[in-house]
Amino acid sequence: MSQGRQASRIGMGRWNRIMVIVLGIVLVSCAGPAASAFWGSVSSGFGAVKADSVAPGAKPGTSVTGSTVTVTWTASTTTAGRSVTGYSIARYSSATGGTRVAATGTCQGAVAGLSCAEANVPAGTWYYTVTPMLSLWQGVESLRSTGTAPVTDTTPPNAPVVTAPASVNAALADKVPVSGTAEANSSVTLTVTGTGAQPMSQTIAVDNAGNWTAVPVDIRNFTDGTITYSAKATDAAGNTGVAGTATSSKDATAPTVTNIQLVNGGTAGKIDKNDSVTFTFSESLKASTICNAWTSNTVTQTIGGNGQVTVNVSAGNVLTVTSSACTLNLGSLALSSGYAGSALSFGGNGSNASSVTWNPGAGAKTLTLTLGGATGTANTSVGAAAATLTAASTLTDIAGNPLNPASFTSASPGGF
């Protein structure tokens with residue numbers, strides 16, 4: 001064979017191989033995205049081409065839970081047995097024809113597994129398809145599934161019940177417990193508002209029994225006053241209902257003693273019957289922390305029957321008070337003057353009875369000790385001096401905040 005003819009044959013073989021490759025590219029490029037993939041290996045001539053293609057997708061099955069549709073299918077391969085790399089899921093609103101709608105949720109994009117779920121599917125009857133994919137190529141779309149009708153819930157859940165403490169003091173302000181009930185398996189968005197700071201929100205899952213509990217709420221940044229807890233429930237279908245609310249009265253400010261006044265009711269310069277001591281507070285105290293028999297925080301209350309109250313003044317001029325009618329918690333008052341020649345006791349019956357009166361009124365907030373008949377020797381002509389109260393640790397305001405500071409000295413001298 002001449003060199004020219006041999007070169008001609010070699011050139012023709014190369015040309016044939018180029019034509020096969022070009023033909024393969026043309027078949028893939030021109031047939032559109034639904035065309036079967038084509039590729040092959042070429043040894044020599046058209047008769048050696050070995051082609052492969054992506055098989056049609058398998059008709060999927062579907063199941064419905066509420067508005068969520070789960071789609072399942074069997075695996076697809078190429079005609080040569082190659083595994084595909086993923087699946088494209090779509091739905092149609094009719095068994096034939098119609099517009100292809102790409103599925104969402106875990107069915108969106110190229111799905112690597114053999115099942116997926118689409119949540120919040122619109123109302124209607126839907127027919128799902130599966131299209132196998134191999135890298136950049138895709139096979140033929142499957143037959144459509146049996147019609148699937150999601151259960152579309154358009155009814156919003158009822159307002160949640162919200163439970164929060166009626167009052168919040170300083171000790172509770174960083175961990176306020178808030179809980180309640182709502183539609184089972186919904187989610188609750190709790191929003192907390194007050195003055196002095198931005199609202200706070202958190203979302204809580206509601207359990208199968210309809211109960212929910214928020215992460216304890218820190219309301220320290222809000223100023224004292226009304227705190228509002230507003231909760232809205234959102235069901236699995238995405239419906240959000242109206243809010244349920246609760247409120248707390250925040251009082252994180254400790255009460256203080258603002259004045260101590262010694263009032264003479266008998267002989268000037270001498271501690272004796274009808275003298276009194278009045279303590280004034282910055283806010284109303286919880287009455288039961290003064291006398292555990294007192295149950296109202298809004299009305300004036302007095303103990304002072306026969307032998308019920310005893311006021312003692314030690315030889316060191318420290319005044320204390322006890323009661324047989326209740327556990328009386330006041331503390332001790334250092335008079336800072338020599339009223340007592342020896343230990344004194346003021347009590348008795350009838351007109352000689354000592355008394356304790358608590359007045360929580362808006363213009364008062366006073367606790368008054370009135371001395372009854374005395375036993376012991378009292379000094380006379382005692383000058384005015386400051387007095388210092390060391391309060392009992394159990395005294396609190398209505399919210400439960402203890403007195404701070406616990407010790408208070410009158411600003412100006414006073415005396416009996």
Side-chain angles (χ1 to χ4, degrees), residues 22-39 51-157 183 185-187 189 232-241:
V22 171
L23 179 59
I25 293 173
V26 171
L27 287 172
V28 173
S29 302
C30 297
S36 298
F38 174 91
W39 65 95
D52 198 0
S53 62
V54 182
K59 179 180 178 179
T62 56
S63 61
V64 177
T65 302
S67 61
T68 298
V69 176
T70 300
V71 185
T72 58
W73 59 91
T74 58
S76 295
T77 62
T78 69
T79 54
R82 297 171 184 264
S83 296
V84 299
T85 56
Y87 301 89
S88 174
I89 315 304
R91 55 181 162 84
Y92 295 83
S93 60
S94 58
T96 59
T99 302
R100 184 181 190 274
V101 179
T104 60
T106 61
C107 295
Q108 187 172 1
V111 181
L114 298 177
S115 67
C116 64
E118 184 179 25
N120 300 321
V121 179
T125 300
W126 296 98
Y127 301 82
Y128 282 81
T129 64
V130 172
T131 302
M133 303 171 66
L134 179 61
S135 187
L136 299 177
W137 298 281
Q138 64 184 35
V140 177
E141 189 175 48
S142 71
L143 296 176
R144 299 182 188 184
S145 69
T146 302
T148 299
V151 178
T152 304
D153 179 4
T154 59
T155 303
E183 182 176 305
N185 301 313
S186 64
S187 64
T189 299
K232 291 183 178 182
T234 301
D235 60 22
N239 303 300
T240 300

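Only heavy atoms go into these numbers, but all of them, side chains included; no hydrogens, no water, no symmetry mates.
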In this structure, OG1 of Thr77 is separated from CG of Leu134 (nearest 0.5 Å) by 10.5 Å
Partner of Trp126 under side chain to side chain contact (heavy atoms under 4.5 Å, CB included), picked from Val121, Val69, Val64, is Val121
Can a donor-acceptor pair be found, under 3.5 Å and without considering hydrogens, that links the side chain of Thr85 to the backbone of Met133? yes
dist Ser88:OG -> Gln108:CD (nearest 0.5 Å) comes out at 10.5 Å
Quick check: do Asn120 and Thr68 have side-chain heavy atoms less than 4.5 Å from each other?
no
Side chains of Thr129 and Ser142: is there a donor and an acceptor less than 3.5 Å apart?
-> no
* Asked: Are a donor atom and an acceptor atom from the side chains of Thr62 and Arg91 found within less than 3.5 Å of each other?
  -> no
In terms of heavy-atom contacts, Pro132 and Val140 come closest through CD-O, 3.7 Å
Is Thr65 close to Thr70 at the side-chain level, that is, under 4.5 Å between some pair of heavy atoms?
no
Heavy atoms of Thr131 and Gly139 approach each other most closely as CG2-O, 3.4 Å
One should read off an interatomic distance between Thr154 OG1 and Asp235 CG, to the nearest 0.5 angstrom, of 9.5 Å
Between Ile89 and Cys116, the two heavy atoms sitting closest are CG1-SG, 4.0 Å
Does the side chain of Tyr87 come within less than 4.5 Å of Leu114's, by heavy atoms? yes
Separation between OG (Ser76) and CZ (Arg82), nearest 0.5 Å, reads 15.5 Å
Beyond-backbone contact of Asn239 with Pro157, side-chain heavy atoms, under 4.5 angstrom: yes
With side chains defined as the heavy atoms from C-beta onward, is the minimum distance between Thr78 and Trp137 less than 4.5 Å?
no
Applying side chain to side chain contact (heavy atoms under 4.5 Å, CB included), run through Arg144 and Tyr128 and close with a yes or a no. CA-CA 5 Å; Arg144 299 182 188 184; Tyr128 282 81; over 6 Å; no
Closest non-hydrogen contact found for Pro150 with Gly124 is CD-O, 3.3 Å
- Any side-chain heavy-atom pair of Ser145 and Val71 under 4.5 Å: no
For Cys107 and Ala103, the nearest pair of non-hydrogen atoms, with its separation, is CB-CB, 3.5 Å
